[in-house]
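One structure is given here, and the rest of the page talks about it.
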Amino acid sequence: MKNVAVITGASGGLGEEFAKLFAQDGYNLVLVARNAGKLEKLKGEIEKNYGVNAEILACDLSKAQSAEEVFAFCEEKGAEISALVNNAGFGDFGEFFRADINKLTDMVQVNDMTLMRLTRLILPQMAERKSGKILNVASVASFAPGALMSVYYASKAFVLSFSEALAVEMKPYGVSVTALCPGPTKTGFENAASLQKSGLFKNLKNADAAKTAAFGYKKMNKGKTVAVHGAGNRFLVRLMKFAPRSLVRKCVYKIQKEKN
């Protein structure tokens, strides 16, 4: 199977939108998520509407060997991987010392470890072919410490830093690496992260998943390394670079704590 895009977290939200964008451009797909039923439905829609092949793998990316499971599945299907979208991820809202340690550990596994391991497994074939695209979904949260979501913000800071460094390393090999940094986006993330009590999705403008994915896809194709979605978010990121860290910490806490 040639010209394949591997997309994690593909059963809904940004992942589903990325799947449609790649399919529209003629990519065959390997779609990965936990929900087999949603993947089956998406596979049917993709193959009917776009005439490409979509292979699906129901996989829990919080498991230690999940990256190897995904890669083995791709090899089994004979996939020549042209693009990898590390989209899977989740957060958790609340004070760190009260949080479920197992959920936090799973979060770091999904958001960082599986992302890193899967990228490491797939990159050699891209480097050998001197072509390929990696799109890692980071966040505006990558640029700041986030009280009440401390581990999530830290996990996304890893994604951003890792992506930027990798972009420099892989440029001589013709492989681009893009970190997409959206702000609050209506994807179902807010429910999974228990953000009903947070002010994050109340105090900031919420983006549309389809528009966010289209922005990230466009920037990936242009080889952009860091892609911050939304003029307001780009302004906030620039502001945070110059503001005292103490002020940034307080402002993020205030945004997240208050619920208007």
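Here the structure is a predicted model, which means the values were calculated and not measured.
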NZ (K156) and CE (M149) are apart, to the nearest 0.5 Å, by 10.0 Å
What one should report as the nearest heavy-atom pair of M126 and G132 is SD-CA, 3.9 Å
**Request:** Would you mind reporting whether Y27 and L21 have side-chain heavy atoms less than 4.5 Å apart?
**Result:** no
### Message
Do Y153 and Q256 pair up side chain to side chain, a donor and an acceptor below 3.5 Å, judged on atom types alone?
### Response
yes
Quick note, salt bridge (charged side-chain N to carboxylate O under 4.0 Å, His left out) partners involving residues 7-32, not counting sequence neighbours, are E16-K20
task = Please test L160 against C181 for side chain to side chain contact (heavy atoms under 4.5 Å, CB included), starting from the C-alpha separation and ending with a verdict.
result = CA-CA 8 Å; L160 177 61; C181 300; 4.2 Å; yes
Value for CD (E68) from OG1 (T114), rounded to nearest 0.5 Å, stands at 8.5 Å
Shortest non-hydrogen pair, I56 vs A36, comes out as CD1-O, 4.5 Å
query = Are any non-hydrogen side-chain atoms of P182 and V140 less than 4.5 angstrom apart?
reply = no
*Tell me, with the steps shown, if M220 and I134 meet side chain to side chain contact (heavy atoms under 4.5 Å, CB included).*
CA-CA 8 Å; M220 177 200 71; I134 306 280; over 6 Å; no
Using the rule that two of Ile, Leu, Val, Met, Phe, Trp, Tyr join whenever any of their side-chain heavy atoms come within less than 4.5 Å, decide whether F96 and V252 are in one cluster. yes
Closest heavy-atom pair, V177 versus S163, reported as atoms and distance to 0.1 Å, is CG1-O, 3.6 Å
Using side chain to side chain contact (heavy atoms under 4.5 Å, CB included), reason through F90 and K103 one step at a time and then give a plain yes or no. CA-CA 10 Å; F90 69 94; K103 186 173 184 179; 3.9 Å; yes
Donor-acceptor check, side chain of S150 to backbone of G146, threshold 3.5 angstrom: yes or no?
no
Heavy-atom side-chain proximity of V32 to L61 below 4.5 angstrom = yes
CD1 (I46) and CG (L29) are apart, to the nearest 0.5 Å, by 6.0 Å
SG (C74) and CD1 (I81) are apart, to the nearest 0.5 Å, by 4.0 Å
Taking every heavy atom of A144 against every heavy atom of V248, the minimum-distance pair comes out as CB-CG1, 3.8 Å
Self-check item: Atom CZ of R129: over 12 foreign heavy atoms under 6.0 Å
Solution: yes
Side-chain contact test, heavy atoms from C-beta onward, threshold under 4.5 Å: evaluate it for V70 versus C59 and give yes or no.
-> yes
Notebook entry, point to check: Just by distance, with hydrogens left out, do N86 and T119 show a side-chain donor and acceptor under 3.5 Å apart?
Noted result: yes
CE of M170 to CG of L123, rounded to nearest 0.5 Å, is 4.5 Å
Exercise. Going through the checks in order, is the ring pair (Phe, Tyr, Trp, His ring centres under 6.0 Å) test met by Y152 and F93?
Worked result: CA-CA 9 Å; Y152 175 76; F93 177 75; over 10 Å; no
Residues N111 and S155: side-chain donor-acceptor under 3.5 angstrom: yes
A157 backbone acceptor or donor facing S161 side chain under 3.5 Å
no
Polar side chain donor-acceptor pair, T8 to N87, under 3.5 angstrom
no
- Check whether any side-chain N or O of N28 sits under 3.5 Å from a backbone N or O of M1 as a donor-acceptor pair, and report yes or no. no
In terms of heavy-atom contacts, N233 and G183 come closest through ND2-N, 3.5 Å
Note to self: Taking the side chain as everything from C-beta on, heavy atoms only, tell me whether L135 gets closer than 4.5 Å to F18.
What the structure shows: yes
Applying side chain to side chain contact (heavy atoms under 4.5 Å, CB included) to F22 and V85, what does each step give before you reach the verdict?
CA-CA 10 Å; F22 277 98; V85 180; 3.5 Å; yes
NZ (K222) and NZ (K219) are apart, to the nearest 0.5 Å, by 5.0 Å
Without swapping roles, check the side chain of S11 against the backbone of A33 for a donor-acceptor pair under 3.5 Å. no
In short, T178 meets A227 closest at the heavy-atom pair CG2-CB, 4.3 Å
(message) With a sphere of 6.0 Å drawn around NZ of K43, does it hold more than 12 non-hydrogen atoms of other residues, nucleotides or ligands?
(response) yes
If we only count heavy atoms from C-beta on, is the L115 to F162 side-chain gap below 4.5 Å? yes
Exercise. Within a radius of less than 6.0 Å around CD of E128, do more than 12 heavy atoms belonging to other residues, nucleotides or ligands occur?
Worked result: no
>> Could you check whether any side-chain heavy atom of F215 comes within less than 4.5 Å of a side-chain heavy atom of L180, counting everything from C-beta outward?
In response: yes
Next on the checklist: Do F158 and S142 make a side-chain contact, defined as non-hydrogen atoms from C-beta onward lying under 4.5 Å apart?
Outcome noted: no
